[in-house]
Trainee: 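Can you read through this structure? Questions will come right after.
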Number of protein chains: 2
Amino acid sequence: MKDGQPNTAGAGRTDCAHCPLGKLDHFRRFDDDEQDYVEGFKTGELITETGATIIVDGAHNAHLYTLLSGWAFRYKIMEDGRRQILNYAVPGDLLGLQGSITGEMQHSVEALSPLTLCVFERDRVNELFSNHPDLAFDITWIAAREERILDEHLLSIGRRSAYERAAYLLAFLNRRGRLSGILTSKHNVIPITQQHVADTLGLSIVHTNKTLKKLKDRKLIAWGDGGCRVIDENQLAEIAGWEETEEKRRPFI
Amino acid sequence: MKDGQPNTAGAGRTDCAHCPLGKLDHFRRFDDDEQDYVEGFKTGELITETGATIIVDGAHNAHLYTLLSGWAFRYKIMEDGRRQILNYAVPGDLLGLQGSITGEMQHSVEALSPLTLCVFERDRVNELFSNHPDLAFDITWIAAREERILDEHLLSIGRRSAYERAAYLLAFLNRRGRLSGILTSKHNVIPITQQHVADTLGLSIVHTNKTLKKLKDRKLIAWGDGGCRVIDENQLAEIAGWEETEEKRRPFI
DNA sequence: CGCAACTTTGACCAGATTCAAAGTAAGTGG
DNA sequence: CCACTTACTTTGAATCTGGTCAAAGTTGCG
């Protein structure tokens with residue numbers, strides 16, 4: 001948990017016309033008008049290292065970000081140090097919306113890998129709602145989707161056994177990674193530690209280890225090379241009793 | 001879990017100018033323009049009994065509702081019957097947004113008491129985004145708030161002990177009830193059973209009962225009269241280590 | 001090489017589940 | 001109005017999942 005300050009990279013800036021996300025089947029394409037607007041809405045790019053804290057719980061001045069590349073996670077910490085990971089972010093995900101809308105962030109975000117983020121000014125979100133109702137709708141779509149994911153996590157933590165939970169989480173992460181383009185048949189390692197898994201599932205690290213061992217023994221996952229490799233996503237989903245909702249082209253900003 | 005069909009009440013219709021919610025300090029007031037628009041957006045009112053299912057998991061044609069009076073809850077059920085309650089709804093809350101935005105509901109909603117709901121056409125949400133960016137922003141605000149609540153629930157189920165969880169939930173419900181005007185010093189019963197508490201906290205009903213007993217013994221809550229009466233909300237919040245975020249005037253539709 | 005972070009394993013303990021059954025309260029039909 | 005049913009609450013006992021404690025093994029890196 002390095003507490004690195006994000007580096008504001010003066011360096012390159014991807015313009016939206018060449019946004020790598022737009023090329024993927026999974027994402028909706030902008031029309032020219034929208035693209036121009038988003039291009040203007042974007043104020044810069046942020047590059048961070050693994051372990052950097054992008055957003056801090058309690059912040060009032062957080063920016064709004066779209067993750068362009070890398071893995072991150074959202075979490076909350078209690079006063080006595082107990083940590084709960086709420087969700088993970090992959091390319092295309094929006095970070096910091098809560099702060100832009102309600103004024104204050106109530107969770108933190110940390111990088112699991114080097115990240116590239118598009119930076120938007122939170123003060124201009126109102127303007128976006130006025131000028132581009134279609135983009136405003138997309139933002140709401142993204143918020144509704146996050147809510148749906150949290151619903152699923154809640155079901156998982158509340159009602160599934162440790163074994164089912166672990167299977168669900170890894171199927172979920174693998175799927176997200178695949179669709180967002182960050183996992184490929186070559187690079188298919190989800191960069192998490194067992195501590196992350198434990199803090200996501202609400203389990204102790206020891207029990208998490210023993211649970212993951214069972215999945216390894218069944219050759220459904222492999223551990224190492226800095227993370228987890230999912231070997232049989234479908235089998236994992238089946239163990240969890242999780243029906244992956246199929247997703248058409250999703251919007252992003 | 002009565003599977004009652006919601007009764008479409010041909011009866012009375014509250015016009016927005018006299019909306020009971022607008023009178024409460026907790027809610028933002030509309031300006032005239034917004035009020036007229038929402039008035040037109042509203043297609044009717046729905047009255048249901050306790051136990052009625054308002055929204056069914058998997059529905060594609062769900063309406064969008066604002067809860068005007070009563071208590072309800074959102075939940076998911078696994079194939080084998082395990083149920084997880086995701087959140088509760090009190091007056092001012094929006095129900096069915098997920099369906100309006102992403103096209104399909106992924107959870108159900110059931111009434112805990114007789115309800116009155118404002119009904120909106122889901123097809124006209126796009127129109128609302130185009131014509132009233134301020135109202136669109138409000139909807140997004142509400143979605144972001146729901147997300148924040150789910151984050152808190154996740155922390156609770158994942159990292160708090162049974163005792164802390166129960167304390168958190170009841171403090172949370174009491175607070176929501178108070179602010180929304182549905183709980184008063186006279187009518188202060190939260191209409192839930194211990195089964196609801198169990199399904200919210202991810203506990204068995206037996207252990208839930210034993211846990212609630214401790215809270216009763218400490219005279220922090222009372223059970224009976226069709227639900228739970230919170231006697232000392234602050235003490236409950238303290239047990240849970242929960243800092244209630246203060247909320248200014250919140251929007252509703 | 002040696003440290004630091006992470007993973008693995010074993011032994012013991014505790015919180016929570018399951019099973020079983022009885023007590024209570026409210027509602028229904030005779 | 002009472003007997004009966006149904007839904008909900010309460011309690012005890014046995015069991016088990018998952019937590020805690022302790023320590024060793026691994027891996028990557030300066």
Trainee: Which parts of nucleotides 17-27 of chain C does protein reach within less than 4.0 Å, heavy atoms only, written one letter per nucleotide 5' to 3' as B for base, S for sugar-phosphate only and - for none?
Mentor: BBB--------
Trainee: With a cut-off of less than 4.0 Å, is there a side-chain N or O of A:N209 near OP1 or OP2 of C:dT7?
Mentor: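 No.
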Trainee: Send over the distance from A:K214 NZ to C:dT8 C1', rounded to a whole Å.
Mentor: 15 Å
Trainee: In whole Å, what is the span from the CD atom of B:E164 to the P atom of C:dG15?
Mentor: 12 Å
Trainee: Quick check for you: to the nearest 0.5 Å, what is the distance between A:L67 atom CG and A:L94 atom CG?
Mentor: 10.0 Å
Trainee: Using a distance-only test with no angle check, is there a side-chain donor-acceptor pair under 3.5 angstrom linking A:R74 and A:N87?
Mentor: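 No donor-acceptor contact under 3.5 Å links the two side chains.
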Trainee: Which whole-number value in Å describes the distance from A:K213 NZ to D:dG18 P?
Mentor: 17 Å
Trainee: Contact class for A:T211 vs. all strands (heavy atom < 4.0 Å): base, sugar-phosphate, or nothing?
Mentor: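 Nothing, no nucleic acid heavy atom in range.
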Trainee: Would you please confirm or rule out a distance under 4.0 Å between OP1 or OP2 of D:dT10 and any side-chain N or O of B:Q194?
Mentor: yes
Trainee: Could A:R176 and A:Y88 be counted as a cation-pi pair, given that NZ or CZ must be under 6.0 Å from the ring centre and within 45° of the axis?
Mentor: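 Checked: cation-pi criterion not met.
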Trainee: Specify the separation, in whole Å, of atom CZ of B:R160 and atom C1' of D:dG19.
Mentor: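 So the two atoms are 19 Å apart, to the nearest Å.
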Trainee: Once you round it to whole Å, what is the distance between P of D:dC29 and CD of A:E49?
Mentor: 14 Å
Trainee: Rounded to the nearest angstrom, tell me the gap between atom CD in A:Q195 and atom P in C:dT7.
Mentor: 9 Å
